[in-house]
2 protein chains.
Amino acid sequence: MDSTTALTAFAALSQEGRLEVFRLLVKAGPDGLAAGLIAERVGRAPNTLSAQLNLLQQAGLIESRREGRSIIYSACFDQVSDLIVYLLEDCCAGEPCVAISVQAAADRALCCAPTSSTSS
Amino acid sequence: MDSTTALTAFAALSQEGRLEVFRLLVKAGPDGLAAGLIAERVGRAPNTLSAQLNLLQQAGLIESRREGRSIIYSACFDQVSDLIVYLLEDCCAGEPCVAISVQAAADRALCCAPTSSTSS
DNA sequence: TCGATAGTTCAGCGATTATTGAAATATGGA
DNA sequence: TCCATATTTCAATAATCGCTGAACTATCGA
């Protein structure tokens, strides 16, 4: 991930409403949520939300697919992990203290995670 | 790290100029750089830069100390690692694919890093 | 085809943000 | 004490951002 992409991602996450929407979609998992449902959950007008979703999508943090009359939004986990790796490598290379904390956090996440792809 | 703090950090990093300054300070390491030197490096007026440094500092991403007539700014690596952990845990808990990528990146960072605190 | 539902796009407005010049503060040396 | 250096603060302006109402597009079912 280059600086420009990271910048766009930071900008997308730098507003309360958008961060809230993003976190909601992350929690919703790969199945995602319909735009209308999101609007209802966060209590915002559909057009306001549409703009927020648009910005998150342009930053590559979420993606959309049509399903009947609804448009389903879901988080792009790849982009999030790229962003994290950017912060770790491109911003903090050479600072082991950061890498150590992050490694510990990743370990925790993996140990508690439901065994998904690699079972062993 | 709570959402509000993360929001402030994202906002601080969401502008080209500030991200540039932040990356410069990260590369400079714990010794940091004098405000005037940073201004020179990034080619911005001292007062403009002062505002940018202020914002980064309020977000907890950098800190300052006076040294003679200069004020030295340096990156707060703790805050960066907190931000990464926030993205990983609070945003992406339950998504092992993210944790796996991040773990690999942390491993790379540690293996290439100069052995610092824990020698063994 | 028509009407209802689900979302988006667009223009405009109010609010926030970024930058600038000028003035102020703090430090060190003569 | 006085001056030069290093940086910040302040007020003002220009640019950007976020939200809203109204109009538009797409899909489904009768």
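This is a predicted model, so every value here is computed, not measured. Letters A, B, ... are given to chains in the order of the sequence lines, protein chains preceding strands, and every chain is numbered from 1.
- Residue Leu55(B) contributes atom CG, which lies 15 Å from atom P of dT16(C) at whole-angstrom precision.
- A side chain to side chain contact (heavy atoms under 4.5 Å, CB included) with Leu7(B) is found for exactly one of Gln15(A), Arg18(A), Glu16(A), namely Glu16(A).
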- Quick one: do Gln57(A) and Ser64(A) satisfy side-chain hydrogen bond (donor to acceptor under 3.5 Å, both in side chains)? Show the steps, please. CA-CA 8 Å; Gln57(A) 189 165 29; Ser64(A) 64; 2.9 Å; yes
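- Comparing dT20(C), dT8(C), dA18(C) against the side chain of Ala45(B) picks out dT20(C) as the nearest.
- Nearest nucleotide to the Thr48(A) side chain, out of dT20(D), dT27(C), dA18(C): dT20(D).
- Out of dT20(D), dA18(C), dG28(C), the shortest distance to the side chain of Arg18(B) is found at dA18(C).
- In this structure, CZ of Arg66(B) is placed 8 Å from P of dT7(D), rounded to the nearest angstrom.
- Using a 4.0 Å heavy-atom criterion, one finds that Ile72(B) contacts no nucleic acid atom at all.
- Here dT9(D) presents its P atom at 13 Å from CG of Leu49(B), a figure rounded to the nearest Å.
- Nearest to the side chain of Asn47(B), among dG21(D), dA6(D), dA22(C), sits dA22(C).
- The distance between atom CD1 of Ile38(B) and atom C1' of dA6(D), rounded to the nearest whole Å, is 13 Å.
- Here the closest heavy-atom approach between residue Leu87(A) and residue Leu83(B) is recorded as CD1-CD2, 4.2 Å.
- Using a 4.0 Å heavy-atom criterion, one finds that Ala51(A) contacts no nucleic acid atom at all.
- Distance, Leu53(A) CG to dA6(C) C1': 13 Å, rounded to whole Å.
- Considering only side-chain N and O atoms, Gln52(A) lies nowhere under 4.0 angstrom from the phosphate OP1 or OP2 of dC17(D).
- Comparing dA6(C), dT7(D), dG28(C) by their nearest atom to the side chain of Ile71(B) picks out dT7(D).
- Atom CG of Asn54(B) and atom P of dT19(C) are 14 Å apart (whole Å).
- Between Glu67(B) and Arg65(B) there is a salt bridge, since at least one side-chain N of the basic residue sits less than 4.0 Å from a carboxylate O of the acidic one.
- Residue Ala35(A) is the one, among Ala35(A) and Gln15(B), whose nearest nucleotide of DNA chain C lies closer to the 5' end (criterion: closest heavy atom).
- Atom CZ of Arg65(A) is separated from atom P of dT8(C) by 14 Å (rounded to the nearest Å).
- Summarising the geometry, the separation between CG on Leu7(B) and C1' on dG18(D) is reported as 14 Å, rounded to the nearest angstrom.
- A salt bridge does not link Lys27(B) with Glu95(A): none of the charged nitrogens is closer than 4.0 Å to a carboxylate oxygen.
- In this structure, Ala39(B) reaches neither bases nor backbone, as no heavy-atom distance under 4.0 Å exists between it and the strands shown.
- Of all heavy-atom pairs spanning Leu53(A) and Ala35(A), the tightest one is CD1-CB, 4.2 Å.
- Put simply, Tyr73(A) has no side-chain N or O that comes within less than 4.0 Å of OP1 or OP2 on dA6(C).
- At least one side-chain nitrogen or oxygen of Ser70(B) sits closer than 4.0 Å to the OP1 or OP2 atom of dT7(D).
- Contact between the side-chain N/O atoms of Arg44(A) and the OP1/OP2 oxygens of dT20(D) is not found at any separation under 4.0 Å.
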